[in-house]
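Note that these values count all heavy atoms, side chains included, but never hydrogens, waters or copies made by symmetry.
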Amino acid sequence: MRRTVDILVAVVAGIALLPLFFVLALTILTVMGNPVLFRQARPGLHNVPFIILKFSTMRAPRYVGEPDHERTTRLGAVLRATSLDELPQLWNILRGHMSFIGPRPLPIRPKESYTSAERARLVIRPGLTGWAQVNGRNALRPQERTELDIWYICNRSLSLDLKILFLTVVRGLSAQGVHGPLEPHKTGTASHVPGDTEIAGVAERSSEAAGSRELERGQA
């Protein structure tokens, strides 16, 4: 059911936003040049890698090792602040790499470096937005983001997803939490810190699913 809703909403949103896609792509091409899209491998469901898509927000480097903050253009800063750079991920949702709601996909790291909590994040598809994004976004420390992601996995429901979508629009319009904490982080009583048992249970499901996938690939 969740996957069906993802597909239907992604198709409708993609068609409705097609003019905006063309405008943004043309503007990026004019201001920053190619590539219009940023592509990077990220860990997906059960740690299976996929290529995430975003609109480019940085120009080409003028010299080797130029810092990202110097390469980020004013247009790129606006795209990030409004999350418009994430719109190409509708294609990732259609492909089944992502869902609308879930933990944000992090950069790929060696499997051995994951903590049990970080492995537990991989038990569901990564999301375009999520509980951590509407409760602080970049203002959160990595451990706080992981705790909120685990809480969502253990408590996700239709009503919670609708709440996250609503808050995503509200926070996106205000750009709250994009550039770091401007005031003490507040998540409300729902941001329960997962216990070791919860984390272990979710991580175990993720490990078992990943192991089954590796076995299937080996037998293919």
Item to check | Straight-line distance of Glu147 CD to Leu140 CG, nearest 0.5 Å | outcome: 10.0 Å
Next on the checklist: Could you work out, with salt bridge (charged side-chain N to carboxylate O under 4.0 Å, His left out) as the rule, every residue matching Arg2, not counting sequence neighbours?
Outcome noted: Asp161
Item to check | Atom pair CD1/CG of Ile15 and Leu90 - distance to nearest 0.5 Å | outcome: 11.0 Å
Checklist outcome for this item: Across all chains, not counting sequence neighbours, the side-chain hydrogen bond (donor to acceptor under 3.5 Å, both in side chains) partners of Ser113 are Arg109
Checklist entry - Can you tell if the side chain of Val36 reaches within under 4.5 Å of the side chain of Phe55, non-hydrogen atoms only? => result yes
Next on the checklist: Arg59: which residues meet the salt bridge (charged side-chain N to carboxylate O under 4.0 Å, His left out) condition with it, sequence neighbours left out?
Outcome noted: Glu66
Checklist entry - Is it true that Met98 and Ile7 fall in one hydrophobic cluster, defined by side-chain heavy atoms closer than 4.5 Å? => result no
Item to check | Partners passing side-chain contact (heavy atoms from CB on, under 4.5 Å) against Arg74 (at least two apart in sequence or in another chain) | outcome: none
Next on the checklist: With side chain to side chain contact (heavy atoms under 4.5 Å, CB included) as the criterion, how do Arg80 and Thr72 come out once you've worked through the C-alpha distance, each side chain's angles and the decisive distance to 0.1 Å?
Outcome noted: CA-CA 10 Å; Arg80 288 185 182 183; Thr72 302; 3.9 Å; yes
Item to check | Joint cluster assignment, Val170 & Ile164, ILVMFWY side-chain distance < 4.5 Å | outcome: yes
Checklist outcome for this item: Residue set satisfying side-chain contact (heavy atoms from CB on, under 4.5 Å) with Arg39, at least two apart, ordered chain then number -> Leu37, Ile51, Leu53
Item to check | Asn47 side chain reached by Lys111 side chain, heavy atoms, under 4.5 Å | outcome: yes
Item to check | Step-by-step side chain to side chain contact (heavy atoms under 4.5 Å, CB included) determination, Leu122 to Leu45 | outcome: CA-CA 5 Å; Leu122 304 172; Leu45 179 65; over 6 Å; no
Solution key, residues 21-34 side-chain donor-acceptor pairs under 3.5 Å, sequence neighbours excluded:
{"residue": "Thr27", "atom": "OG1", "partner": "Val23", "partner atom": "O", "Å": "2.7"}
{"residue": "Thr30", "atom": "OG1", "partner": "Leu26", "partner atom": "O", "Å": "2.8"}

Checklist entry - Is atom CZ of Arg141 surrounded by more than 12 heavy atoms (other residues, nucleotides or ligands) closer than 6.0 Å? => result no
Next on the checklist: Going by ring pair (Phe, Tyr, Trp, His ring centres under 6.0 Å), name the residues that satisfy it together with Phe50, two or more places apart in sequence or in a different chain.
Outcome noted: His97
Item to check | Check: Arg104 side chain, Gly130 main-chain N or O, donor-acceptor pair, under 3.5 Å | outcome: no
Checklist entry - Which residues satisfy the side-chain contact (heavy atoms from CB on, under 4.5 Å) test with Leu106, sequence neighbours excluded? => result Arg121
Checklist entry - With a 4.5 Å heavy-atom cut-off, do Tyr152 and Ile124 have their side chains touching? => result yes
Next on the checklist: Could you report the tightest heavy-atom contact between Ala120 and Ile153, atom names first, then the distance?
Outcome noted: O-CD1, 3.5 Å
Checklist entry - Any chain of hydrophobic side-chain contacts (each under 4.5 Å) joining Phe166 to Leu128? => result yes
Item to check | ILVMFWY network linking Leu167 to Leu160, side-chain heavy atoms under 4.5 angstrom | outcome: yes
Next on the checklist: Taking salt bridge (charged side-chain N to carboxylate O under 4.0 Å, His left out) as the definition, give me every residue that meets it alongside Arg95, ordered by chain and number, with sequence neighbours left out.
Outcome noted: none
Item to check | Test log, rule side chain to side chain contact (heavy atoms under 4.5 Å, CB included), inputs Lys163 and Trp131 | outcome: CA-CA 9 Å; Lys163 179 178 181 179; Trp131 188 234; 4.1 Å; yes
Checklist outcome for this item: Taken in chain and number order and not counting sequence neighbours, the residues that satisfy side-chain contact (heavy atoms from CB on, under 4.5 Å) with Val5 are Met1, Val9
Next on the checklist: Are the side chains of Leu165 and Val169 in contact, using a 4.5 Å heavy-atom criterion?
Outcome noted: no
Checklist outcome for this item: Scanning both residues in full, the closest heavy-atom pair of Arg125 with Pro103 reads O-CD, 3.9 Å
Checklist entry - Got a second to check how far Tyr63's OH is from Arg71's CZ, nearest 0.5 Å? => result 10.5 Å
Checklist entry - Do Met58 and Leu87 sit in the same hydrophobic cluster, where Ile, Leu, Val, Met, Phe, Trp and Tyr count as joined when their side-chain heavy atoms come under 4.5 Å apart? => result no
Item to check | Partner set under side-chain hydrogen bond (donor to acceptor under 3.5 Å, both in side chains) for Ser56, not counting sequence neighbours | outcome: none
Checklist outcome for this item: Residues pairing under salt bridge (charged side-chain N to carboxylate O under 4.0 Å, His left out) where one sits in residues 40-56, two or more places apart or in two chains, turn out to be Lys54-Glu86
Checklist entry - Distance from Thr57 atom OG1 to Leu84 atom CG, nearest 0.5 Å? => result 12.0 Å
Next on the checklist: Which heavy atom of Pro105 sits nearest to which heavy atom of Pro43, and what is that distance?
Outcome noted: CB-O, 4.1 Å
